[in-house]
Protein chains: 2
Amino acid sequence: MRISELGRVTGVPVATVKYYLREGLVHPGRATGATQAQYDQTHVARLRLARALVQVGGLSIVSAREVMTTLDQPEKSLHEVLGTVHDSLPPQPDHPGTPRAQSLVEDLGWQVRPEATALRQLEQALRVLEEVGAPASEQGLQSYARLARQIAELDVASVPRASPDDAATAVIVGTVLWEPLLLALRRLAQEAVSAESLDGHQSRPDQPRP
Amino acid sequence: MRISELGRVTGVPVATVKYYLREGLVHPGRATGATQAQYDQTHVARLRLARALVQVGGLSIVSAREVMTTLDQPEKSLHEVLGTVHDSLPPQPDHPGTPRAQSLVEDLGWQVRPEATALRQLEQALRVLEEVGAPASEQGLQSYARLARQIAELDVASVPRASPDDAATAVIVGTVLWEPLLLALRRLAQEAVSAESLDGHQSRPDQPRP
DNA sequence: CAATAATGGAGAGTGCTACTCTCCGTGTCA
DNA sequence: TGACACGGAGAGTAGCACTCTCCATTATTG
């Protein structure tokens, strides 16, 4: 198939397909002449994945390229793929982590790389909560961590190890594209729980105004 | 305090403070003359919150303003505040939802507004997973939903109903600023679980290349 | 009291990012 | 054979979150 069909099949504007090709999000087609190239199902799949990472996962073009690069590195183990993907994901905190995140994962007995970006992301989240005057309690953190671990067990269990072709893709999808799904579910659940327990009909009392 | 001190205390550049004032993220100070105004602790708190919503929560200026507007509407119940905040949060899907998300929450017995933005966000996530060739299984969704509900129960339980002044703020913080925390914990847990169960040392088998 | 500095506000400018347009030599097809 | 499509590359655009500049006014300092 040629570029226009690639665009039509995936619903991505041809100009954007060209842009993604230039940026290396999608591998080049098989050139059949100076101004002609052929694309196949692998291009369709990668284009769709790239589009999803950028538009739904919120990745920058650079991050998406880094993530998709791992698909071309079969020498890496799935665990390494996971780490690489995590480290390519936003946000990328500037400050180094203070020891609180580190000690939390130690308490939990989680074995994570000390340089994991997620550690610094956790630390940033904790710092911001303090700055805003609503610090996370140790107990709340522990509960959250316990539930996060149960989610992660679902995630890891769902990686298809029988068909290794798709395993790396599954890691990327499971990590990145399930995040918005999880957040949407949490919001819906919050509304449901709130409707049951917070009084949905009574106004909250007046509070001092600035 | 004047604007320069406000900037110094919060660590936000004065030019940015002015910008936030213009955009209505922070309420105006008490004018003491044609070119002078006084700011107080409420400005400090709101500025810090606005900063956190934009930089950590990833909200646009417009979304952040909408969210913070609810702080000035004491006639709204906490449940209404929650809904308004949710509907102001990104992403804002363009397509309307198909019935799958709706039927999922019905199966779960969750009572949510049919027009809730989170419903369309869920539907978008499901649609993208299908397009990418990794559709969410009914079973996986149910498990996720069950855990999401447990998280939501923690969230709702932690809203300080004794001190209603801060309740609305707590709703915002708990909804928006705990999201990155949850995602960071999930990533860390994924690494930990992966290190235990996925073989961290063995390379994954070769797979077909484009 | 006079000189100097800081202030609040508004408009214009900047830097970045994800596209999108334009162009052009080359291939395809009716 | 002539109209049209293609690929590739550079330039241009739109939106966003600031950031700079200016200026009349106010505060502070010597």
Side-chain angles (χ1 to χ4, degrees), chain A residues 1-40 43 47-68 88-92 94 210, chain B residues 1-40 43-44 47-68 88-92 94:
Chain A
M1 83 179 54
R2 287 171 299 182
I3 202 172
S4 62
E5 189 175 354
L6 184 55
R8 201 166 346 103
V9 167
T10 57
V12 178
V14 173
T16 306
V17 176
K18 290 181 177 184
Y19 172 58
Y20 283 6
L21 283 165
R22 246 181 296 171
E23 294 299 321
L25 295 198
V26 179
H27 50 286
R30 184 175 50 86
T32 65
T35 67
Q36 225 80 91
Q38 283 290 321
Y39 302 93
D40 57 27
H43 295 89
L47 181 53
R48 280 208 253 251
L49 181 56
R51 194 64 170 173
L53 293 181
V54 169
Q55 291 211 325
V56 180
L59 303 204
S60 68
I61 298 295
V62 172
S63 296
R65 179 175 49 220
E66 285 178 18
V67 167
M68 302 199 65
S88 306
L89 258 36
Q92 299 285 347
D94 30 4
Chain B
M1 92 181 48
R2 286 170 302 181
I3 202 172
S4 62
E5 188 175 355
L6 185 54
R8 201 170 343 103
V9 167
T10 57
V12 178
V14 173
T16 304
V17 176
K18 291 182 177 184
Y19 172 58
Y20 284 5
L21 283 166
R22 245 182 297 171
E23 295 299 320
L25 295 199
V26 179
H27 50 284
R30 184 174 49 85
T32 63
T35 67
Q36 223 81 93
Q38 282 291 320
Y39 303 93
D40 57 28
H43 295 88
V44 172
L47 181 54
R48 280 208 254 250
L49 180 56
R51 193 66 169 171
L53 293 182
V54 170
Q55 291 210 326
V56 180
L59 302 204
S60 67
I61 298 295
V62 172
S63 296
R65 177 176 49 219
E66 286 178 18
V67 167
M68 302 198 67
S88 307
L89 257 36
Q92 297 286 347
D94 29 6

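To find a chain, count down the sequence lines: A is the first, B the second, and so on, and within it residues start at 1. Computed from heavy atoms alone, side chains included, the values below leave out hydrogens, waters and symmetry copies.
Rounding to whole angstrom units, CD of residue B:E5 and P of D:dT28 are separated by 12 Å. One interatomic measurement links the two molecules: NZ of A:K18 to C1' of C:dA18, which rounds to 17 Å at whole-angstrom precision. Atom CG of B:L21 and atom P of D:dC18 are 14 Å apart (whole Å). Counting to the nearest Å, the P atom of D:dC6 and the CZ atom of A:R8 are 8 Å from each other. To the nearest angstrom, P of C:dC19 lies 10 Å from CD of A:E23. Whole-Å rounding puts the B:R65 CZ to D:dA17 P distance at 10 Å. Nucleotide D:dC6 holds its C1' atom 14 Å from the CZ atom of A:R22, rounded to whole Å. Atom NE2 of A:H27 and atom C1' of D:dG7 are 16 Å apart (whole Å).
In this structure, A:T16 reaches the C:dT20 phosphate: one of its side-chain N or O atoms is under 4.0 Å from OP1 or OP2. Contact between the side-chain N/O atoms of B:Y20 and the OP1/OP2 oxygens of D:dC18 is found at a separation under 4.0 Å.
Here CZ of A:R8 is found 9.5 Å from CE of A:M1. Values are rounded to the nearest 0.5 Å. Once rounded to the nearest 0.5 Å, the distance linking CD of A:Q38 with CD1 of A:I3 reads 11.5 Å. In this structure, CG on B:L53 lies 11.0 Å from CD on B:Q55, to the nearest 0.5 angstrom.
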### Task
Starting at the 5' end of nucleotides 25-30 of chain C, put B wherever the base has a protein heavy atom under 4.0 Å, S where only the sugar-phosphate does, and a dash everywhere else.
BBSS--

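Side chains of A:Y39 and A:E5 form no contact here, defined as non-hydrogen atoms less than 4.5 Å apart. A 4.5 Å side-chain heavy-atom check between A:R51 and A:T16 finds at least one atom pair inside the cut-off. Residues B:V26 and B:V17 are not in side-chain contact: their nearest non-hydrogen atoms beyond the backbone lie 4.5 Å or more apart. Taking the side chain as every heavy atom from C-beta outward, A:L89 and A:V67 approach each other to under 4.5 Å. A 4.5 Å side-chain heavy-atom check between B:D40 and B:R30 finds every atom pair outside the cut-off.
Using a 4.0 Å heavy-atom distance criterion, A:A37 is classed as a sugar-phosphate-only contact.
Listed for the B:S63 side chain is a donor-acceptor partner under 3.5 Å among the backbone atoms of B:S88.
Using a 4.0 Å cutoff on non-hydrogen atoms, the parts of residues 49-62 of chain A near DNA chain C are A:R51, A:V54, A:S60, A:I61, ordered by number.
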